[in-house]
Amino acid sequence: MSESPILSVEAVTAGYGRVTVLHDITLEAGRFGNVGLFGPNGHGKTTLLRTISGLVAPKSGHVVFDGKDITGLSARAIVATGLIHVPQGNKLFPDLTIGDCMALGAYSPRARPHESENREKVVKLFPKLAERWRQRVRTLSGGERQMVSIGTALMSHPRLLILDEPTLGLAPKIKDELCAAVMDISRGGVPLVVVEQDIEFLLELSRQLFLVDHGVVKTEIRPGESIEHSEIMAMYFGH
Amino acid sequence: MSVFSDIFFGGLFQGSLYAMMAVGLALVWTTIGVFNFSHGVFMMLGAYFAWQLVAFGLPVVIAFPLAVIVMAGAGWILQASVVRPLIGRPNIVLVVVITTLAAGSLIENGALTVWGPRSKQLPSLIEGNTTIAGVGVSLHQIAIIVITPLVLAALWSFLNRTRLGLALRAVAQNEDASQLVGLNVTALYGLAFAIAASLAGLAGIFMGGYRFMNPSMGADPLLKALIVVVFGGISSISGPIFAAYLIGFFEAASNYYFGLYWTPALLFLVLIATLMVRPEGIFASRSRGLA
Ligand SMILES: Nc1ncnc2c1ncn2[C@@H]1O[C@H](COP(=O)(O)OP(=O)(O)O)[C@@H](O)[C@H]1O
Ligand SMILES: [Mg+2]
């Protein structure tokens with residue numbers, strides 16, 4: 001099972017303007033399967049994902065995806081490698097229809113040839129979206145918008161999918177639906193890096209967890225280590 | 001009956017010119033979120049390029065489209081030089097007002113140096129006059145009334161029926177999400193400016209065919225386009241198009257009943273009253289976005 005990592009973040013320092021959020025952070029993902037990231041709010045998880053996908057340029061360090069150094073590439077160039085990021089907060093394109101979003105997902109030349117095959121996958125995963133294909137995103141519920149977010153990313157034909165709090169703020173029923181869909185995507189062969197507050201979901205999904213705290217990886221939980229939920233909660237809050 | 005047709009044709013004609021100007025301003029606002037104050041200068045430049053090409057001896061059917069294409073390049077260059085470097089700044093709206101005003105004034109003075117202060121005139125799109133419903137109109141005006149909706153319809157289908165148009169609409173709504181699906185945001189910004197400059201250039205060619213041209217001919221149309229865009233709502237391109245025709249008809253009627261002198265004052269009165277009731281403009285929706 002121990003393969004080479006699909007994604008490695010090597011001593012990355014990044015932030016916004018003069019504010020540094022990530023301090024020399026290092027982690028490897030994909031060697032053992034899916035990766036979960038958790039930690040208190042405001043400690044740099046979103047910034048880490050934005051740095052990986054090229055929305056934030058790191059001040060130093062390297063990001064390597066599948067053996068290729070992608071540090072400093074534009075977000076567009078990174079999308080072209082198949083590293084796809086579902087951002088936090090499902091803001092999306094409020095005045096576009098679901099169908100428009102799916103067409104945009106398949107915009108990159110890499111994804112274009114797989115458009116109809118991926119559309120079928122998305123519709124199978126989220127039948128709700130098919131019923132509302134011509135409806136504007138702004139008129140959808142939070143859960144439906146998250147489905148559109150994930151669906152759009154699947155249209156981009158991901159080789160690695162990074163998800164930022166996919167179940168944030170959702171009602172329990174729709175949350176379960178989304179968790180199940182994310183598990184489905186993983187079983188379909190797409191490796192995942194997921195930021196989540198719901199530790200139980202992360203434990204179910206991932207073989208490796210990182211606790212991000214003050215812009216560094218504070219604790220790594222390796223596969224095989226049996227770990228109690230309560231211990232994680234202690235790590236989470238005990239500092 | 002002839003009063004009605006007078007107002008009708010006058011309104012259609014003015015409305016067409018306003019729509020052609022305003023739609024480019026709205027396009028740039030919705031995609032990039034800045035106001036381009038060199039839009040009036042684009043109009044002037046389009047007219048002068050066309051005049052120069054005609055002076056070189058090119059026939060109108062080649063010179064005019066060529067001038068419009070050259071304007072696309074001019075718009076792209078302006079965007080790359082005074083807008084793109086500022087993107088991401090928190091005060092971008094104000095800064096771009098200043099940089100585009102500065103660039104506009106530079107270009108205007110350049111035009112004055114190159115072409116001189118003497119007024120010039122472009123050939124009409126179609127020579128001749130005709131009488132419709134008791135009103136004498138020039139075929140040039142008829143051509144403008146017909147061509148404008150066709151161009152605007154073409155723009156609308158481009159934005160709503162093509163993948164590239166979809167990309168432009170997307171970038172207007174969420175830049176981060178656009179980057180995350182692999183859109184080339186910088187190129188799309190350039191494209192928005194290129195299209196806007198072409199449309200302004202075409203408006204300049206329209207105007208140069210029935211009025212004398214001079215290097216500051218774009219100032220008044222820019223002001224009108226701003227009024228149209230504010231009146232129609234800056235969140236879409238269909239809002240300003242409707243508003244342009246509405247204002248065209250309003251002006252034509254007001255010119256007829258109250259005279260040229262009172263029309264600008266009345267127009268502002270209506271504008272202020274409208275904005276007090278609907279601050280987002282009469283045809284606006286809630287967000288920035290092309291539709
Ligand atoms: N666009 C931004 N500009 C400036 N600071 C930001 C921006 N986005 C996030 N931050 C700051 O960066 C820090 C980390 O935020 P974030 O990466 O969103 O954390 P998390 O996802 O772990 O909650 C916070 O202090 C936040 O205020
Ligand atoms: Mg976050």
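We name chains A, B, ... by the order of the sequence lines, and we start the count at 1 in each one.
The OG atom of Ser108(A) sits 10.0 Å away from the CG atom of Leu183(B) when rounded to the nearest 0.5 Å. We find the CD1-CG distance between Ile162(A) and Leu180(B) to be 8.5 Å, quoted to the nearest 0.5 Å.
Here the closest heavy-atom approach between residue Gly105(A) and residue Val181(B) is recorded as CA-CG1, 4.1 Å. Looking at every heavy atom in both residues, Gly182(B) comes nearest to Tyr107(A) through O-CD2, 4.5 Å. Nearest heavy atoms, Leu96(A) versus Ala170(B): CD1-CB, 4.0 Å.
The closest donor-acceptor contact from the side chain of Gln179(B) to the backbone of Leu55(A) lies at 3.5 Å or more, if one exists at all. Using a distance-only test at 3.5 Å, with no hydrogens or angles considered, a donor-acceptor pair links the side chain of Asn174(B) to the main chain of Leu92(A).
For Lys68(A), the NZ atom is loosely surrounded, since the number of other residues' heavy atoms within 6.0 Å does not exceed 12. For Phe249(B), the CZ atom counts as densely surrounded, since its 6.0 Å shell holds more than 12 non-hydrogen atoms of other residues, nucleotides or ligands.
Electrostatic pairing of Glu115(A) and Arg163(B) counts as a salt bridge here, judged by a charged N lying under 4.0 Å from a carboxylate O. Under the 4.0 Å criterion applied to side-chain N and carboxylate O atoms, Asp176(B) and Arg50(A) are assigned as salt-bridge partners.
Residue contact with chain B, scored on non-hydrogen atoms closer than 4.5 Å, involves the backbone and the side chain of Ala106(A) alike. Looking at Ala103(A), the atoms closer than 4.5 Å to chain B (heavy atoms on both sides) sit in the backbone and in the side chain alike.
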